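See below for the structure under consideration.
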Amino acid sequence: MKPTSNTQQIRKAAVLCCLLLCSILLGGCWDRREVNDVAFVMGTGLDKEGDQYRVTMQIALPGQLGSSGSTGGGGGTSGTKSYYLESKTGPSFRGASTEEQREVSRTLNYSHRRVLLLGETLAREGISKMMDVIARIPQNRLSSLVVITKGSAMEMLQADAPIEQYPAEMVRELNFSYMKKPRSVKLLMNSVLLEGIDPVVPVMSLVKNGPDSLKDKKTNIQVDGLAVFRQDRLTGIIDNHLSRFLLLGMEQAKETEIFIPPPKGRGYISVHLIENKVHIEPFIRGDEIRMTVHMNCNGNVKENETSFDISREENLKWLEQQTVEEIKRELGEAVHVIQQKYHSDVLGLGRAIITNHPDEWKRIKPQWEQLYPKVEVTIDPVVHIENIGAVTKPFGVKKEQIQNE
């Protein structure tokens, strides 16, 4: 009987140990944080003011989200607005954020931040040290999208943006409609740290839409082009027209529309490029470096406001060739600007050398900054128009007026 008693005691001890272990491992919600104690930051703007940094935070007001009386965006702090703005200056990003926390009754939470807006002045001084605090604190999302603002980032966060509930959401949606892979914090810093390529980020600004007779115009947000960097410093802005072709060369164009005039008469034919693939082929002989940017584009005809008949095969080939010439001209100009004026390798020409000729890269890497503006770039596009629409001939033009040549 004695061995049976010992077994029971061992079992009781084991159960007791399990209960003690569970009480330690399953400690419950000792670090719980109620939603009512948290303020969710949806967007952050960074500006440079003298030697100080201004940090502006757009904080969601959950009680206003989705309410019938909400008018979206605006001054940010009153009545039916769906957000609240907090802005402070400090000697650093973290310093200004700490000052803001002292004036907010809830704990600031950055895990839902949608966008990070950087003022143009700050970006021209360099962005790397601003990114340190974002990567150091796990709560910050590296998937937050980065945008450069013309003017101050704080003003951008005060836009009316009436189509969305708060401006940060509108900035995010504009990013996804502009580029295939919008520049997140992670992608931006990868391109800063990667050899042979420089960062590029969309530029946005405030605009007032509507007829001149309208007195109470709402402020909205628009994409103005691309900010090109040299390492971590903003060196220039490519306007909206050239930036569309630069995005084609980067294989980042979401949708590009090219307008071709007919051989005779007035108007334009709109070719909408929906797909494009890019391959950069380097040729190196000593310090002579040449690059060929091979492009394969597919598109549709979106509009034909001319009398030119594109249902004929030879006319369609003419239209494809004109589109090729337009890409060569506009992308060639964009490449010239980034090479000669801004010294920014956003196409990744250096990266093409690293990938195809790694030994040559080791040789030319110390002189790459001087060699880059001298690189001869040839644009070699191929365009296929796959669909001309349900109307094959110009709609609303008499048969005898249609051009067949």
Side-chain angles (χ1 to χ4, degrees), residues 118 120-128 146 148 150 179 183 187-203 224-253 256 276 278-295 324-381:
L118 305 177
E120 183 180 343
T121 305
L122 182 144
R124 289 189 183 277
E125 294 185 2
I127 60 172
S128 291
V146 182
I148 303 298
K150 278 186 177 178
M179 299 178 69
R183 303 292 99 166
L187 286 177
L188 176 62
M189 293 317 296
N190 278 347
S191 54
V192 168
L193 300 174
L194 206 60
E195 279 188 341
I197 191 168
D198 287 316
V200 61
V201 177
V203 177
D224 277 343
L226 287 172
V228 294
F229 286 68
R230 180 66 181 159
Q231 296 177 350
D232 75 324
R233 293 176 185 272
L234 170 66
T235 56
I237 294 175
I238 307 295
D239 65 39
N240 220 357
H241 175 70
L242 283 186
S243 69
R244 293 188 295 116
F245 291 92
L246 193 56
L247 286 171
L248 269 181
M250 294 166 56
E251 207 175 291
Q252 285 298 315
T256 302
N276 75 297
V278 178
H279 169 66
I280 300 178
E281 183 181 14
F283 173 82
I284 304 172
R285 180 179 292 170
D287 286 345
E288 180 193 355
I289 304 174
R290 286 183 277 129
M291 297 276 176
T292 303
V293 181
H294 299 285
M295 305 172 67
V324 164
E325 296 301 324
E326 184 72 2
I327 293 173
K328 282 183 180 179
R329 182 167 51 252
E330 299 293 351
L331 180 54
E333 183 180 343
V335 171
H336 178 78
V337 170
I338 61 173
Q339 272 188 295
Q340 306 300 327
K341 189 175 181 181
Y342 300 134
H343 304 279
S344 175
D345 184 11
V346 298
L347 283 180
L349 302 185
R351 202 68 210 159
I353 300 175
I354 293 172
T355 304
N356 294 281
H357 306 284
D359 293 335
E360 288 287 348
W361 175 255
K362 292 177 184 175
R363 180 179 66 81
I364 67 175
K365 178 183 172 183
Q367 296 86 38
W368 178 240
E369 196 165 336
Q370 293 75 38
L371 292 173
Y372 171 66
K374 302 175 185 176
V375 174
E376 182 182 337
V377 180
T378 302
I379 313 297
D380 179 31

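Everything quoted here is computed from the prediction, not taken from an experiment.
For D224, the salt bridge (charged side-chain N to carboxylate O under 4.0 Å, His left out) partners are K150, not counting sequence neighbours.
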Going by atom type alone, with no hydrogens or angles, which donor-acceptor pairs under 3.5 Å involve a side-chain atom of residues 235-243 and a protein atom two or more places apart or on another chain?
from : atom 1 : to   : atom 2 : distance (Å)
T235 : OG1    : V228 : O      : 3.2
T235 : OG1    : Y342 : O      : 3.2
D239 : OD1    : H241 : N      : 3.1
D239 : OD1    : L242 : N      : 2.9
N240 : ND2    : V223 : O      : 3.1
H241 : ND1    : R244 : NH2    : 3.4
H241 : NE2    : E330 : OE1    : 3.3
H241 : NE2    : E330 : OE2    : 3.4
S243 : OG     : Y178 : OH     : 2.9
S243 : OG     : D239 : O      : 3.2
S243 : OG     : N240 : O      : 2.9

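The residues D198 and R233 are annotated as not salt-bridged, no charged nitrogen and carboxylate oxygen being separated by less than 4.0 angstrom. A salt bridge links E120 and R124; the closest N-O separation between the charged side-chain nitrogens and carboxylate oxygens is under 4.0 Å.
In this structure, the side chains of M189 and S128 come closer than 4.5 Å at one or more pairs of heavy atoms.
Shown here is E376, whose CD atom has no more than 12 heavy atoms of other residues, nucleotides or ligands within 6.0 Å.
Residue R183 holds its CZ atom at 11.5 Å from CZ of F229, rounded to the nearest 0.5 Å. Note that the CD atom of E369 and the CD1 atom of I364 stand 13.5 Å from one another [nearest 0.5 Å]. Between atom CD of residue E281 and atom OG1 of residue T292 there is a gap of 5.5 Å, rounded to the nearest 0.5 Å.
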Worksheet item: Could you walk me through whether W368 and E195 pass the side chain to side chain donor-acceptor pair (under 3.5 Å) check?
Response: CA-CA 11 Å; W368 178 240; E195 279 188 341; over 6 Å; no

Fill in: Chi angles and distances behind the side-chain contact (heavy atoms from CB on, under 4.5 Å) call for N276, T256
CA-CA 10 Å; N276 75 297; T256 302; over 6 Å; no

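Using a distance-only test at 3.5 Å, with no hydrogens or angles considered, no donor-acceptor pair links the side chain of Q339 to the main chain of K374. With hydrogens and angles disregarded, a donor-acceptor distance shorter than 3.5 Å links the side chain of D345 to the backbone of G350.
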